[in-house]
Structures are given as C-alpha cells and as structure tokens.
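Right, one structure below, let's go through it.
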Amino acid sequence: MASKKVELDHKDMVHDSAIDYYGKRLATASSDTTVKIVSIGAATAPSQVLATLSGHYGPVWRVAWAHPKYGTVLASCGYDGRVIVWKEDARGNWSQVHVFTDHKSSVNSIAWAPYEVGLCLACASSDGRISILTMRADGGWDTSTIERAHPVGATAISWAPATALGSLAGSGELVYKLVSGGFDAVVKVWGFVNGSWKLESALISDMHTDCVRDVAWAPVLGLAKSTIASGSQDGKVIIWTKGKDGDKWEGKLMRDFGSPVWRVSWSLTGNILSIAAGENNITLWKEGSDGQWEEVMKVEP
C-alpha cells in the first residue's frame with residue numbers, strides 16, 4: 001500500500017491528530033493556535049484542508065472526535081486553558097457550540113466518554129483539576145469538577161469502557177469511570193458514585209518516576225480483567241490490570257523506551273497497543289500468551 005502525504009499548512013508544530021469515526025477526515029492541533037480539518041478519503045484524491053478552526057489563544061494540545069451519534073462534533077483544548085466544542089452543520093460550516101473557560105491554566109488532555117454514557121467530555125488541566133462537561137437534552141452544558149485531582153497538575157485522561165466486566169453489551173448498568181495521570185507521576189482511577197466523582201484508587205508505585213504523559217483504558221471485550229496503559233516522561237510504559245471488583249490494581253513494567261513516552265493508545269479490539277516515544281518513534285505491541293509483550297510493527301516517519 002503506497003503511503004499518502006497530507007499537507008496541513010500549519011505555521012507551527014503539530015501536537016496531536018485524530019481520525020474521525022469513518023476514517024475520512026483528520027483533525028490536527030497546532031502551536032499556531034488553530035485546528036485544521038483535512039480530508040483523507042480516497043487514496044488517489046489529494047488531501048485538502050476543509051476547515052481551519054480559530055478560537056484558541058495559544059498552542060492547541062489535543063483534538064478529539066465525538067461519536068457520530070451526536071453529529072459531527074470535535075473538541076479541542078490548549079495552553080490558554082480553554083476547551084472548545086465545535087460542531088459542523090449540514091453545509092460544512094463549523095461553529096463553537098460550547099467554550100469552557102473555567103480552567104486557570106493549560107488544559108493538557110481531553111477525552112470523550114463512551115457514546116452510551118452521553119455526550120460527555122473529560123478535561124485534565126495544569127491547575128490540578130479534572131472537569132467533566134456533559135451536554136443536556138436542551139443543548140446546554142453541565143460541569144462537574146474533581147478538585148485537586150493531581151494538585152501539581154493533571155496531564156492525561158481516559159474513560160473506562162461503558163460495559164461492566166463479564167456482562168454482555170447492552171445489558172446491566174453503565175460504568176462511569178475515569179483514569180488520570182499527572183505531573184506527580186501518579187495514575188488515579190475515579191468512579192462516579194451517588195452524583196459525584198470519587199477517588200477509587202491511586203496507583204502509586206515506584207514504577208513511574210516522572211510526569212505521566214498519557215493514560216489509556218483498554219476496551220473490555222468480554223475479558224475478565226480491566227487493563228490500563230500509562231506512559232511517562234521517564235520512558236516507561238506500565239500495564240495496570242485488575243480482576244473483579246474488590247481486587248487491587250497491579251502494575252507491571254511493559255517496557256522502558258529510554259526516552260519520553262508521549263502517547264499510548266489501544267486498538268478497538270484492545271489487543272494492540274500503539275506507543276509514541278522519543279523523536280517520531282511509533283511502535284505497535286501485542287501481548288503474547290505468555291504475558292510478554294512483543295513489537296509487531298514500527299511506523300516509519
């Protein structure tokens with residue numbers, strides 16, 4: 001398969017990119033304060049910039065597409081402390097449907113909840129707080145906050161799958177849980193209980209010795225355990241696993257990459273882990289039946 005070059009036309013460094021649900025468009029976040037929407041459809045057609053979204057006053061760190069059940073919705077967050085929810089209308093015009101400005105410093109990470117939970121966005125900020133923004137039926141937005149989630153700054157956020165372990169999809173109660181990482185080198189799991197977010201476990205260990213740059217909760221898919229991957233400035237990726245409720249989380253060093261780990265993300269089937277570390281070093285990993293992880297692919301920049 002021939003690779004395809006996508007021209008973005010950003011004036012400064014690109015920090016994040018996200019492909020939409022249908023694999024037709026790419027959103028990118030840049031230090032030039034903009035978000036770009038680029039068509040990446042047919043292999044033969046040249047990619048083109050469909051829209052440039054302006055609304056941030058500093059570098060944009062992350063972009064995230066919502067599930068198409070809610071229309072064409074994209075969120076972005078940045079150094080300016082803003083979180084912007086963008087929506088595209090039928091004519092292809094983008095507008096800001098919600099601008100959240102409560103954070104007092106950089107918003108470093110955003111994540112949409114599983115679509116079953118509703119249109120709900122979690123945000124992690126350098127001010128130490130985590131915000132959860134939820135769209136109401138009338139189109140307004142509610143905010144709940146986890147104060148002092150990581151007092152020295154929250155850097156990463158990810159949602160748990162919406163279905164409970166061992167239950168069939170569509171049955172049973174929905175799961176409302178988050179995992180976060182911070183400048184404090186700690187990974188924390190939060191649960192929504194009786195109307196508010198509570199700390200369920202602080203996965204404190206001597207494994208991470210520096211800022212947690214990313215966390216990713218793996219899809220469940222009928223497995224009998226929950227799995228979280230965390231990647232740190234210290235170069236290490238840790239795989240955290242937990243059996244049924246009441247069990248403790250256990251951390252295991254997957255690998256030390258020897259340079260900062262920026263991103264960890266699971267495939268939709270939950271069995272492949274993509275890791276971005278150092279300078280343009282992206283690798284895909286799979287866990288063998290013996291519990292050892294092996295590299296299955298290296299992505300060449």
Side-chain angles (χ1 to χ4, degrees), residues 108-109 111 114 122 124 130 149-150 152-167 175 177-191 199-278 281-299:
N108 302 313
S109 183
I130 291 169
H150 294 268
V152 292
T155 49
I157 195 98
S158 176
W159 288 82
T163 44
L165 287 177
S167 71
V175 175
K177 287 186 203 291
L178 286 165
V179 57
S180 64
F183 286 110
D184 52 12
V186 177
V187 175
K188 292 182 175 179
V189 175
W190 309 88
L199 180 64
E200 199 174 275
S201 338
L203 313 187
I204 298 171
S205 70
D206 50 5
M207 294 194 194
H208 284 314
T209 54
D210 205 340
C211 169
V212 176
R213 286 287 172 200
D214 204 11
V215 287
W217 202 310
V220 167
L221 308 168
L223 296 172
K225 63 180 182 180
S226 298
T227 306
I228 291 169
S230 60
S232 164
Q233 187 76 27
D234 63 16
K236 297 187 179 74
V237 171
I238 309 290
I239 305 291
W240 307 87
T241 52
K242 173 180 173 318
K244 57 195 182 306
D245 273 354
D247 289 2
K248 277 195 159 43
W249 286 95
E250 289 181 14
K252 189 174 157 191
L253 176 66
M254 184 215 129
R255 189 180 168 89
D256 185 343
F257 285 84
S259 58
V261 176
W262 306 111
R263 290 283 194 278
V264 286
S265 64
W266 296 97
S267 61
L268 290 176
T269 50
N271 61 347
I272 303 273
L273 182 65
S274 159
I275 297 166
N281 174 23
I282 299 174
T283 47
L284 303 184
W285 298 78
K286 190 170 184 164
E287 187 179 13
S289 50
D290 57 356
Q292 296 302 308
W293 288 80
E294 54 215 46
E295 185 178 321
V296 289
M297 189 175 162
K298 195 174 177 66
V299 181

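Each residue takes its place number in the sequence, starting with 1.
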Problem - E295 atom CD, neighbour heavy-atom count above 12 within 6.0 Å - result: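 Yes - once you tally the heavy atoms of other residues, nucleotides and ligands closer than 6.0 Å, there are more than 12.
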
Between [atom1] of [X] and [atom2] of [Y], what distance do you get to the nearest 0.5 Å?
X	Y	atom1	atom2	result
M207	S230	CE	OG	9.0 Å
T241	D247	OG1	CG	9.5 Å
N108	H150	CG	NE2	11.0 Å
T209	K236	OG1	NZ	4.5 Å
L203	W249	CG	CH2	7.0 Å
R263	I282	CZ	CD1	10.0 Å

Backbone N or O of [Y] within a donor-acceptor pair of the [X] side chain at under 3.5 Å?
X	Y	result
K188	L199	no
W159	A111	yes
S180	A156	no
S109	I157	yes
S274	S265	no
S259	A277	no
W266	I272	no

Closest non-hydrogen atom pair, [X] against [Y]:
X	Y	answer
P219	P161	CA-CG, 3.9 Å
A160	V175	CB-CG1, 4.4 Å
E200	G191	OE1-CA, 4.1 Å
A216	V264	CB-O, 3.4 Å

Handout entry: V296, I239, L284 screened by side chain to side chain contact (heavy atoms under 4.5 Å, CB included) with L273, the one that passes
Key =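 The passing option is I239.
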
Exercise for the section: Using side chain to side chain contact (heavy atoms under 4.5 Å, CB included) as the criterion, point out the one residue from H208, R255, M254, K252 that pairs with I238. Expected result: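 Among H208, R255, M254, K252, the one that satisfies the side chain to side chain contact (heavy atoms under 4.5 Å, CB included) with I238 is H208.
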
Exercise for the section: Evaluate the side-chain proximity of T283 to F257: yes if any heavy-atom separation is below 4.5 Å, no if none is. Expected result: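 F257 reaches T283 side chain to side chain.
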
Practice task
May I ask you to test the W240-V179 pair for a side-chain heavy-atom distance under 4.5 Å?
Solution key: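 Of all side-chain heavy-atom pairs linking V179 with W240, none is under 4.5 Å.
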
Exercise for the section: Please check if the distance between the ring centroids of W190 and W217 is under 6.0 Å. Expected result: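 Ring-ring flag for W190/W217: false, centres at least 6.0 Å apart.
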
